[in-house]
Amino acid sequence: MIKLGDVFPDFKAETSRGPIQFHEWLGDSWGLLFSHPADFTPVCTTELGRVAQLQGKFEEKNVKLIALSCDGVDTHRKWIEDIKAYSKIEKFSYPIIADEKRELAVQLGMIDPDEKDAAGMPLTCRAVFFIGPDKKLKLSLLYPATTGRNFDEILRAIDSVQLTARYKVATPADWQHGTYCMVLPTVRDDELEALFPKGVEKHAMPSGKDYLRMTPCPQKK
Ligand code: BEZ
């Protein structure tokens, strides 16, 4: 099972857009790999369509997209036509990995033991892996096969991961890009002025401890 901070496996795979070697395909970009139980399934169709609709927003953040589904390349290509029609999109340009033998699904810990296909085989769950330009895993999510993901939330989380990779801040509950951030607990008071020229506000707590330090978002959208 891959853990946060691990180098993501540099696998070889067939995709709907030709063979890839994962690290080479990623290049210097960030990458979002998201998995699906099977082609021609209703929830997956909505998810892949939604990601295609949002592709421009991922590209603005320098994030390359790649899906994975446990069927072959020919099936993927036929399914893409359904996804385009259902989601009313002209273009579907990110690759779908063909993981017919579920080798990657097993290697990456993506099996959902509670959902089985007609032959009784456990399905691949809905996993999300966000990988940095250093090829290390920065964020992961595992949803069961029966729960579709919210890709606006994934974009929001990507904003946080990318921001907190650059600045000594963390983002609070329900944070949206551009709103107040929290200064990292490891930053000393004598460092605040130099690190946060926009200012820092300390929230008074009953405990008298100064741990909740807010600063305007250090980065414009
Ligand atoms: C779906 O994509 O609709 C789906 C796939 C497997 C199990 C449940 C739902």
Colleague: Between Ile154 and Phe129, is there a shared hydrophobic cluster once you connect ILVMFWY residues whose side-chain heavy atoms come closer than 4.5 Å?
Modeller: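 No.
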Colleague: Any chance OH of Tyr86 has more than 12 other-residue heavy atoms, nucleotides or ligands included, within less than 6.0 Å?
Modeller: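 No - once you tally the heavy atoms of other residues, nucleotides and ligands closer than 6.0 Å, there are 12 at most.
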Colleague: Going by atom types only, do Asp71 and His76 share a side-chain donor-acceptor pair under 3.5 Å?
Modeller: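 Side-chain D/A pair, Asp71 to His76: absent.
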Colleague: Among Pro113, Pro144, Pro37, whose side chain to side chain contact (heavy atoms under 4.5 Å, CB included) with Leu123 holds?
Modeller: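 With Leu123 as partner, side chain to side chain contact (heavy atoms under 4.5 Å, CB included) holds for just one option, Pro37.
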Colleague: Would you check, one step at a time, whether the test side chain to side chain contact (heavy atoms under 4.5 Å, CB included) holds for Lys84 with Ile80?
Modeller: CA-CA 6 Å; Lys84 282 162 63 183; Ile80 286 170; 3.8 Å; yes
Colleague: At their closest point, which heavy atom of Pro133 faces which heavy atom of Asp28, and how far apart are they?
Modeller: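 Smallest heavy-atom distance, with atoms named: CB-O, 3.4 Å.
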Colleague: Does a sphere of radius 6.0 Å around NZ in Lys61 hold more than 12 heavy atoms from other residues, nucleotides or ligands, not counting ones at 6.0 Å or beyond?
Modeller: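 Yes, NZ of Lys61 has more than 12 neighbouring heavy atoms, counting only those of other groups under 6.0 Å.
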Colleague: Determine, stepwise, if the pair Glu103 / Gln107 fulfils side-chain hydrogen bond (donor to acceptor under 3.5 Å, both in side chains).
Modeller: CA-CA 6 Å; Glu103 283 165 354; Gln107 184 186 355; over 6 Å; no
Colleague: Taking the side chain from Trp79 and the backbone from Ile83, do they hold a donor-acceptor pair closer than 3.5 Å?
Modeller: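 Checking the backbone N and O of Ile83 against the side chain of Trp79, no donor-acceptor pair under 3.5 Å is found.
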Colleague: Does atom NZ of Lys64 have more than 12 heavy-atom neighbours, drawn from other residues, nucleotides or ligands, at distances under 6.0 Å?
Modeller: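 For Lys64, atom NZ is crowded (more than 12 foreign heavy atoms under 6.0 Å).
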Colleague: Which heavy-atom pair separates Ala67 from Tyr94 by the least distance, and what is that distance?
Modeller: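 Reported closest heavy-atom pair: CB-CE1, 4.0 Å.
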Colleague: Please name the pair of heavy atoms, one in Ala145 and one in Thr124, separated by the smallest distance, quoted to 0.1 Å.
Modeller: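 Looks like CB-O, 4.2 Å.
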Colleague: Quick one: does any side-chain atom of Arg126 pair with a main-chain N or O of His36 as donor and acceptor, under 3.5 Å?
Modeller: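 Not at all, since once roles are kept as given, no pair shorter than 3.5 Å links the two residues.
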Colleague: For Lys198, look at atom NZ and say whether over 12 heavy atoms of other residues, nucleotides or ligands are found less than 6.0 Å away.
Modeller: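 Result for NZ/Lys198: enclosed.
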